[in-house]
Amino acid sequence: MSRAPVVRAVAALAVIATSLFIALTMSPRLGLDLRGGTQLVLETRDSPTVKADAAATDRTLEVLRRRADGLGVADAPLARSGERRIIVELPGVQDPTKAAEVIGKTAQLTFHPVLGVPDPAAGTQPKKDERILPDESGGPLHIGPAALTGDGVSGAEAGIDAQQGSGWFVTVDFRDSGRAEWAELTGQAACNQAGDPKRRIAIVLDSKVIVSPQVNEGVACDVGLPGGSTQITGTFTSEEAANLALLIKGGSLPVPVEIVEQRTVGPTLGAAAITASAQAAVIGIVLTALFIVVTYRLVGLIAAFALACYALISYAALVGLGATLTLPGLAGFVLAIGMAVDANVLVFERAREEYAAEQKFRGALEKGFRNAWSAVADSNITTLLAGGLLFFLASGPVRGFGVTLSIGVIASLITAMVITRVLAQWAVSLRAVSSRPRLTGLSDIGRVRTWLNARRPDLMSRRAVYFTVTCVLVAASVAGVAVRGLDFGVEFTGGRLVEYSTSTPMTADAARELVSGAGFPNAVVQSSGEDISVRTGQISPADVVRIENALESGGGQVVKERDELVGPSLGDELRRNALIALGVALAAQLAYLAFRFRWTFGLAAVLALVADAAIVVGAFAWLGKPVDGVFLAAMLTVIGYSVNDKVVVFDRVRELWGARPKTSFAEVTNTAILQTVPRTVNTGLGALFILAALAVLGGDSLTDFAVALLIGIVVGTLSSALVAGPLAIVLEKRKPGAPPRPKRRGPAPAREGSGAVV
């Protein structure tokens, strides 16, 4: 007796037990878009003396980490992205303005001698390395070259003089080299009379005079303050003193940084997204499970159990790997449930065919798993290609979608080819089951296949009609892009997108009028129930407050739910990466299909994929829906899902052509399409249940995601049979090739003996 079933059973139990242990003992790491908080993407810039390379960015990262620790933000991960970018996450920070100011300040601290107060009438012109800056009270101050920099400072601490009530101050400690420079600077200032501006010392932070105190009268000329520390006093609040001490103690950044992206999400919005996605997952799983149980009866019930195991394994893998679960990632997790049905449907449909030929459940099921493996593997590899491209070329939360989609594909392979296989083979071997063939769900080929076998429609005889309809749809899509244009989101254009919830619902026109009255007539304002979204160009946090105040005048209490800021350079880069991702995805599919099948099959599939993508883009242009990172995730998923259908069709074409080399290629293709229609319909319905639940419950962003996939799956399913197949026929006529070698049918020869050597 073969030990393979036992090994598979032990492996299945081990995977389920491990996944259950991880799920019960570990918590998921939620992205900021789900738990609330702020994400900043900083980009280092060249300074006059330092080039912003990877080494300088790493040094900058360490300074930023000390600053984040000093802010008291718990669990604030920082990471370098590429050579010049740093990603900073600030969980729980809903008003990131002050935190961003502290995190992103260059903090070039310098100490300058004061040369006097410039006379506007005399037109004082500063010499080289001299500057005229406003002091802390706003008056002009003529300062000389820096005599001491922040490199000479070893630490700083905020304090308060409670006894004298003089307010908050900052104590600055100097290193050995800084002590001598500080003594020399204060000694030169002390040589001037009390009250003379030249007796002042200007302390400058990022080209701004934060304080310019006079040297005390007790300090001797040319002697100065020889101690290792000094106090900066002024009209500081406790927060200002703490921030100043933090910047000084954290150190100067090696190179300047610029905030190129900022994302802020309120905790209530994240909680609502989790709830909506969980509801969509439950509804989608229940509907999908009911569908496959009704369609495949006992083996369908086993597949439904395997779906539950899939959800457990995927969740445990996400938690165990420490992956960050984002809002698009949740969508990917839910969507992959529908895609997990695909492998089960392929196996069951193949097992039905085998049972019709030999009337043996166990052998039919074994052949179903073995013969469906090539199509299952090919279709899942193409989806993994799409998920990998999302991870490497996308940014922000969309990368989480690529991670969860890839994990879901691997988990679906484990559940279908191991768990379902173990349980199904055990079930059909029971006497109570084998004596009731209809109970298994494998004893008949289904109504759809029965009807197709009886009618045998010649779909390939109407190739010209399919090509004409496809060209018309693609032309309409191109016209939509030309006439309506694409509504690129802030992620691709740069700018700011702020979403508010209002206690009093207001129309988009009313909100637009208020925002225009606040000084933003070109802002794009949209409303959805109690939510108002405002999209503008590059505006400051103060401008955001003005918009919020304007909306409060007509909408009652206003709460900022989301705030996204993307710099123009980053928007251009993301848009360019999106086009590269789509191009690479199509090229990768072509290369893989050409390698696994033949170049005519690959080219036919990719041309059909281009038509699928064009139709989805055109639909979004006509509907006026935003094209953003979530749309990119949907497009790459459409490409991966659509190519799944084409892989299944061409896998059957290759098999039939090898078995019937003398039959015309058009007839072989027609037969292959008719044989794979039941799988295509059943798999598509499984995914449609999930997407319909996401479209209804997923909120604005996930609704657009689900709509794109709904259009893409319907179009992709039809194009697999009515576009890719006919295109392959046309290409094979122009460049005919030899049929592939037929696969060896039948069981492997039995091995004699036990294999032991005596």
Side-chain angles (χ1 to χ4, degrees), residues 44 47-52 55-71 78 102-114 129-131 133 136 143-161 168-191 199-216 218-234 236 240-257:
T44 56
S47 71
T49 57
V50 181
K51 179 177 176 58
T57 304
D58 284 334
R59 295 196 303 271
T60 303
L61 176 63
E62 293 306 315
V63 176
L64 293 175
R65 180 172 285 114
R66 291 197 296 269
R67 293 185 186 180
D69 293 341
L71 281 173
L78 289 86
V102 174
I103 289 289
K105 272 190 179 292
T106 310
Q108 299 292 344
L109 184 71
T110 51
F111 299 77
H112 300 257
V114 176
D129 295 332
E130 297 178 355
R131 288 184 290 176
L133 297 174
E136 61 272 31
I143 63 175
L148 174 63
T149 66
D151 294 336
V153 176
S154 61
E157 185 176 355
I160 186 172
D161 191 342
W168 287 88
F169 59 84
V170 176
T171 301
V172 181
D173 299 321
F174 296 102
R175 294 188 174 92
D176 292 339
S177 59
R179 294 177 183 180
E181 295 171 344
W182 176 248
E184 181 180 355
L185 177 61
T186 53
Q188 292 176 357
C191 295
R199 197 177 175 90
R200 297 162 69 181
I201 302 294
I203 303 177
V204 179
L205 182 68
D206 286 346
S207 301
K208 180 181 179 181
V209 177
I210 56 174
V211 69
S212 55
Q214 283 210 9
V215 177
N216 291 335
V219 178
C221 176
D222 291 331
V223 175
L225 294 170
S229 64
T230 189
Q231 284 186 354
I232 302 175
T233 59
F236 298 131
E240 290 171 344
N243 285 343
L244 176 59
L246 172 63
L247 289 170
I248 295 174
K249 181 169 61 176
S252 301
L253 296 180
V255 288
V257 295

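Since the model is a prediction, treat every value here as computed from it, not as a measurement.
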Seminar exercise, completed: What one should report as the nearest heavy-atom pair of R199 and N216 is NH2-O, 2.9 Å
Exercise. Minimum heavy-atom separation for W168 to G159, with atom names?
Worked result: CE3-O, 3.1 Å
For this session: Would you indicate whether E157, at its atom CD, is surrounded by more than 12 heavy atoms from other residues, nucleotides or ligands within a distance under 6.0 Å?
Result: no
For this session: Would you mind reporting whether K208 and L133 have side-chain heavy atoms less than 4.5 Å apart?
Result: no
Problem set entry | Spacing of CZ belonging to F111 relative to CG belonging to L185, to within rounding of 0.5 Å | 8.5 Å
Problem set entry | Minimal non-hydrogen separation, A189 against R200, with atom names | CB-O, 4.5 Å
For this session: Compute whether any side-chain donor of one residue and acceptor of the other, for T171 and S229, lie under 3.5 angstrom apart.
Result: no
For this session: Might you point out which heavy atoms bring I143 and A202 nearest each other, and give the distance in Å?
Result: CG2-CB, 3.7 Å
For this session: Hey, could you give me the CD/CG distance between Q188 and D222, rounded to the nearest 0.5 Å?
Result: 7.5 Å
Problem set entry | Spacing of L148 atom CG and R179 atom CZ [to the nearest 0.5 Å] | 12.5 Å
For this session: Verify, without hydrogens or angle tests, whether T186 (side chain) and L225 (backbone) share a donor-acceptor contact under 3.5 angstrom.
Result: yes
For this session: Over all heavy atoms of both residues, which pair between A220 and A190 is shortest? Give the atoms and the distance, please.
Result: O-CB, 3.7 Å
